Structure formats: structure tokens, C-alpha cells
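Computed from a predicted structure; not experimentally measured. Both ligands and their constituent atoms are indexed starting at 1 by order of listing.
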Amino acid sequence: MSNIDYLDYRIDKVLITEEQIKERIKELGKQITKDFKGKELTVVSILRGSFLFTADLCRSIDLDQKLDFMAVSSYGNATKSSGVVKVEKDLAESITGKNVLIIEDIIDTGLTLSHVLKLLKTREPASIKICVLCNKPSNLQQHVSVDYCGFTIGDEFVVGYGLDHKGYLRNLPYIGIVKPEYQ
Ligand code: 5GP
């Protein structure tokens, strides 16, 4: 458990508690372990939003695994993606012939992940699966086939557990909604 047990003053309400996140990650880890049994996994964590999710999820996957990171940014305003994605940091190793599991924080329009997926497919991995912490289907513009989803949420801007608001609040142990006056 984290030592942050107060509600941050900028948070309106907690949408998903630390306990709920932990429970769901255990379930996802079990399912992924089962589905990839006998295979080696290359976990590709999309920075920065998925750093905590990746750290917890990879420890609940009981498989031989390599971990790599890709940092992407999508141009847009504070709370909306434009779909123009820039790779700021590419993977350190080749994924050709590997069983890749992409770990992403959230799908909103789907534009970022579909761009990343298209790019990684050109490198000819053996397989690519996608695991997202949160999926917001109401804003979807580009369909992305999600294999593992932590939580399906409504059309709300969420923060915490890796997700930021103007760079802040990533360290909150829960997922919450920011008060309108701070948005
Ligand atoms: P998409 O391209 O699917 O619209 O958005 C992808 C990126 O936008 C996510 O990886 C995330 O960085 C950011 N994003 C989308 N929705 C939210 C949200 O509700 N909260 C936060 N903090 N970031 C979001």
C-alpha cells in the first residue's frame, strides 16, 4: 500500500481505488501468464503514462520476459489527442520474431495506439497483443483491438497511477477525476 492516504486537493473524486487496481492487475497477470504459457514475452511499455502500470503488471506475469520502453507524444491541447504522434524514444532492442505485449495507459481516440501499432508491425514481431489500463470507448476515432483491458471508463479526464494532468499527479496511487477549477 502507498503512504498517500489523503485525497489530493485537486481531485474531485476517486474513480478507481488502489485496491481495485491491485486486484485487477492480479487478474490480468494470471490471464496473460496463461495465454503466453511456454513463450517468452517482450513487454513494450509506452512512456510516460504506463510506468506504474507496467511496473506492477510485469511482476504479476509469471513468464520469462524482456522489458523495453518507447516514449511517444501526441500533439494536441492539454486534454485531447491530435493523432499526430512523435516517437521521442524508440525501443532499445529489435522486436523481430518476438511475442510483444504493448502496455499503454489509456485509449481515448485510439489515434496514438493505432500509430504505435502500425509502426511496430513493420518490424515483423511474431505476435503483438495490447494491454491497456483504461479504455474510454466513447471517444474512439480509430478502432484498436485491445486484448487485455483493466477498466472501461466514461468520457472523463482521469489522473493518477501514472496518468498526468499537465505533468503532475502521476504519483497518486488511485485513479481520480480532477476538479473542474483545476482543469
Ligand atoms: P488517444 O490518442 O487514444 O486519444 O490518447 C492517448 C494518450 O492521450 C494517452 O496515452 C494519454 O497520454 C492521453 N490521454 C487520453 N485520455 C486521457 C485521460 O483521461 N487522462 C490522461 N491523464 N491522459 C489521457
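- Counting the atoms of ligand 1 from 1 in the order shown, those under 4.0 Å from a heavy atom of Thr109 are 1 (P), 2 (O), 3 (O), 4 (O).
- The number of heavy atoms from other shown groups lying within 6.0 Å of NZ (Lys30) does not exceed 12.
- In summary, the atoms of ligand 1 found under 4.0 Å from a heavy atom of Lys136, numbered by their order in the structure, are 16 (N), 17 (C), 18 (C), 19 (O).
- Remark: ligand 1 and Val158 share an N or O pair separated by less than 3.5 Å (distance only, no angle test).
- Every atom of ligand 1 with a heavy atom of Asp164 under 4.0 Å away is listed here by number and element: 21 (C), 22 (N).
- Under 3.5 Å, the side chains of Asp62 and Thr33 contain no donor-acceptor pair of N or O atoms.
- Polar contact with ligand 1: absent for His165 (N/O pair, distance under 3.5 Å).
- Set against the non-hydrogen atoms of Glu156, the atoms of ligand 1 under 4.0 Å away are 19 (O).
- Residue-to-ligand polar distances place Gly110 within reach of ligand 1: an N/O pair is separated by less than 3.5 Å.
- Ligand 1 places these atoms under 4.0 Å from at least one heavy atom of Glu104: 10 (O).
- Among all heavy-atom pairs drawn from Asp68 and Glu93, the shortest one is OD2-N, 3.0 Å.
- In this structure, Glu40 places its CD atom where more than 12 heavy-atom neighbours from other residues, nucleotides or ligands lie under 6.0 Å away.
- Here Leu113 has no heavy atoms under 4.0 Å from ligand 1, in either its backbone or its side chain.
- Counting atoms of ligand 1 from 1 in the listed order, those under 4.0 Å from a heavy atom of Thr112 are 1 (P), 2 (O), 5 (O), 6 (C).
- Looking at Glu104 and Ser50, their side chains never bring a donor and an acceptor atom within 3.5 Å of each other.
- Among Asp108, Val178, Val144, the residue whose heavy atom sits closest to atom 15 (C) of ligand 1 is Asp108.
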### Message
The test is side-chain contact (heavy atoms from CB on, under 4.5 Å); show your working for Leu120 and Ile102 and say whether it passes.
### Response
CA-CA 10 Å; Leu120 295 186; Ile102 299 176; 3.8 Å; yes
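- Side chains of Tyr161 and Asp56: a donor-acceptor N/O pair is present below 3.5 angstrom, by distance only.
- The aromatic ring centroids of Phe51 and Phe69 lie 6.0 Å or more from each other.
- Near Leu163, the atoms of ligand 1 lying under 4.0 angstrom from a non-hydrogen atom of the residue are 21 (C), 22 (N), 23 (N).
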